[in-house]
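Reading through the structure tokens given below for one structure.
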Amino acid sequence: CMEADAENIDVVDAVLQLAAEDDAVRTRATVPLPVQSYVNRVEKLVNECSKQLESKEDLNNEERVAFVYDFIINGYKYKLPIEQELISPYRTYFHNVLAQRQGNPASLACLLYGVLERIEKKGLISSFEVVLAQRGGARRGVDAHTGVVAVEQRDQRRRALLLGCLLYTS
């Protein structure tokens with residue numbers, strides 16, 4: 001893991017760079033994956049969510065984090081695919097997840113983390129943690145539809161693990 005540099009990693013850019021590298025190697029594409037256009041999609045989502053969140057002054061931090069989660073999952077309609085597609089590259093690689101609004105729990109967690117991190121930098125939330133449930137194990141507060149939960153408290157060690165490994169299971 002890259003714990004020492006975890007604070008400087010943009011999870012959205014990191015997962016898009018992984019997708020771009022795989023796309024270049026696997027398909028031997030001469031045209032690179034347009035990473036910036038996918039980052040722009042995330043930025044658009046962040047800006048729309050932030051605009052709505054700014055008007056919700058009465059919400060505490062935990063409610064703000066829950067609002068962001070709801071905005072992504074229910075507002076933008078991101079969801080899990082059918083079980084047979086959970087390991088498909090179309091549900092794993094981030095550019096496909098953004099384009100099709102379907103992804104496995106790890107990909108949706110990366111999206112949620114990237115959005116929450118950008119909103120935190122705007123000062124609209126103060127802290128958060130994104131947690132994935134272990135397969136087959138129920139966890140209180142975990143969304144049954146996505147396997148992902150955003151909670152208010154963030155432990156820096158867990159953040160480093162999430163950023164370094166792109167996955168933290170609890």
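None of these values were measured; they are calculated from a predicted model.
- To the nearest 0.5 Å, atom CG of residue Leu108 and atom CZ of residue Arg91 are 10.5 Å apart.
- Atom CG of residue Asp10 and atom CD of residue Glu117 lie 6.0 Å apart, to the nearest 0.5 angstrom.
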**Message:** Using side chain to side chain donor-acceptor pair (under 3.5 Å), reason through Asn47 and Glu43 one step at a time and then give a plain yes or no.
**Reply:** CA-CA 6 Å; Asn47 290 335; Glu43 292 295 339; 5.0 Å; no

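- Checking Asn61, Val65, Leu116 one by one against Ser127, the side chain to side chain contact (heavy atoms under 4.5 Å, CB included) holds for a single residue, Asn61.
- Across all non-hydrogen atoms, the minimal contact from Ala14 to Ile9 is CB-CG2, 4.0 Å.
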**Message:** Before you tell me yes or no, could you show the steps for Leu98 and Leu111 under side-chain contact (heavy atoms from CB on, under 4.5 Å), namely the whole-Å CA-CA distance, both residues' side-chain angles and the distance that decides it to 0.1 Å?
**Reply:** CA-CA 9 Å; Leu98 292 173; Leu111 174 63; 3.9 Å; yes

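- Within the 4.5 Å cutoff, side-chain heavy atoms of Glu54 are placed close to those of Leu124.
- Note that the CG atom of Leu59 and the CG atom of Leu53 stand 7.0 Å from one another [nearest 0.5 Å].
- The shortest non-hydrogen separation linking Arg118 to Val39 is NH2-CG1, 4.2 Å.
- Ring planes of Tyr93 and His95: tilted class, angle from 30 to 60°.
- Between atom OG of residue Ser50 and atom NZ of residue Lys121 there is a gap of 12.5 Å, rounded to the nearest 0.5 Å.
- Scanning both residues, Arg64 and Ile125, for their nearest heavy atoms gives CB-CG2, 3.6 Å.
- Residues Asn74 and Lys79 bring no donor and acceptor atom of their side chains to less than 3.5 Å of each other.
- Rounding to the nearest 0.5 Å places OG of Ser55 at 10.0 Å from NZ of Lys51.
- Among all heavy-atom pairs drawn from Val12 and Phe94, the shortest one is CG1-CE2, 3.9 Å.
- Across every non-hydrogen atom of Leu86 and Pro105, the tightest pair is CD2-CD, 4.1 Å.
- Using modelled atom types, one finds a donor on one side chain and an acceptor on the other under 3.5 Å when comparing Ser107 with Asn104.
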**Asked** For Tyr78 and Leu45, what are the C-alpha separation, side-chain angles and deciding distance, and is it a side-chain contact (heavy atoms from CB on, under 4.5 Å)?
**Response** CA-CA 12 Å; Tyr78 278 90; Leu45 191 154; 3.9 Å; yes

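- Under the 30°/60° scheme for interplanar angles, the aromatic rings of Tyr76 and Phe71 are found to be tilted.
- Judged by distance alone, with hydrogens and angles left aside, the side-chain atoms of Gln100 form no donor-acceptor pair with the main-chain N or O of Val97 at under 3.5 Å.
- Taking a 6.0 Å sphere around CD1 of Ile87, one finds it holds 12 or fewer heavy atoms contributed by other residues, nucleotides or ligands.
- Taking 4.5 Å as the limit, some side-chain heavy atom of Lys122 sits within range of a side-chain heavy atom of Val46.
- Summarising the geometry, atom CD belonging to Glu21 is positioned 11.0 Å from atom CG belonging to Leu33; distances are rounded to the nearest 0.5 Å.
- Residues Tyr90 and Asn96 share a closest heavy-atom pair of O-CB, 3.2 Å.
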